[in-house]
Amino acid sequence: LSFLRRHENLEQLDLEGCVGISDLEPLRGLKGLKSVNLVCCSNLRTIDAVAGLTELAYVGIGGCEKLEEIPEAMASRPGVVITQFPLYRL
């Protein structure tokens, strides 16, 4: 994800199913990021790096089985929608 650092104006990012991601540190500088889909990033352990992104309004984390916690700074910020739904396999 380090290649994304130079895309400061990026507003939406869809990383659904990227099982190789364990943290979002390279996204820390994406000040314009408004939406990030992390659904089924099953090895993702932390989303702390995006907690300080003030434009971020949507975070999809359903199926992130190893995610340790949702940062308080993000969970308590008005207007932020965090989807965290269980995924069922048929």
Side-chain angles (χ1 to χ4, degrees):
L1 294 179
S2 60
F3 67 93
L4 292 171
R5 288 186 176 143
R6 61 180 170 263
H7 297 284
E8 295 174 2
N9 296 323
L10 188 66
E11 292 184 2
Q12 296 182 9
L13 184 59
D14 187 349
L15 297 172
E16 183 172 343
C18 293
V19 296
I21 298 170
S22 60
D23 69 69
L24 302 175
E25 191 59 37
L27 306 185
R28 188 177 294 275
L30 301 181
K31 303 296 184 196
L33 193 61
K34 295 179 181 178
S35 171
V36 62
N37 180 12
L38 304 166
V39 171
C40 293
C41 292
S42 57
N43 288 311
L44 185 64
R45 294 187 181 278
T46 177
I47 57 173
D48 291 348
V50 297
L53 299 180
T54 57
E55 296 295 315
L56 193 59
Y58 172 80
V59 182
I61 55 172
C64 296
E65 301 157 355
K66 295 183 181 177
L67 188 62
E68 296 164 358
E69 67 180 356
I70 297 171
E72 181 63 31
M74 180 180 286
S76 63
R77 189 169 56 220
V80 175
V81 175
I82 301 172
T83 61
Q84 183 177 8
F85 53 88
L87 296 179
Y88 300 99
R89 306 225 187 271
L90 300 177

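Just so you know, these numbers come straight off a predicted model, no measurement behind them.
- Looking only at distances, no side-chain donor or acceptor of Asn43 sits under 3.5 Å from a matching main-chain atom of Gly20.
- Taking Glu25 as the reference, Arg28 meet the salt bridge (Lys or Arg N to Asp or Glu O under 4.0 Å) condition, with sequence neighbours excluded.
- Two residues are said to be in side-chain contact when any heavy atoms from C-beta on lie closer than 4.5 Å; Cys64 and Leu44 meet this criterion.
- Separating the CD atom in Glu16 from the CG atom in Leu38 is a distance of 9.5 Å, to the nearest 0.5 Å.
- Taking CD of Glu69 as the start and CD1 of Ile47 as the end, the distance is 9.0 Å to the nearest 0.5 Å.
- Residue pairs meeting the salt bridge (Lys or Arg N to Asp or Glu O under 4.0 Å) criterion with at least one member in residues 41-64: none, sequence neighbours excluded.
- Taking OG1 from Thr54 and NZ from Lys34, the interatomic distance works out to 10.5 Å, rounded to the nearest 0.5 Å.
- For the atom pair SG (Cys41) and CG (Asp23), the distance works out to 11.5 Å, reported to the nearest 0.5 Å.
- Distance check, rounded to the nearest 0.5 Å: CG of Leu15 to CD1 of Ile21 gives 4.5 Å.
- Each of Leu27 and Val19 belongs to its own hydrophobic cluster when Ile, Leu, Val, Met, Phe, Trp and Tyr are linked at side-chain heavy-atom distances under 4.5 angstrom.
- Interatomic distance, Ile70 CD1 to Ile82 CD1, rounded to the nearest 0.5 Å: 4.5 Å.
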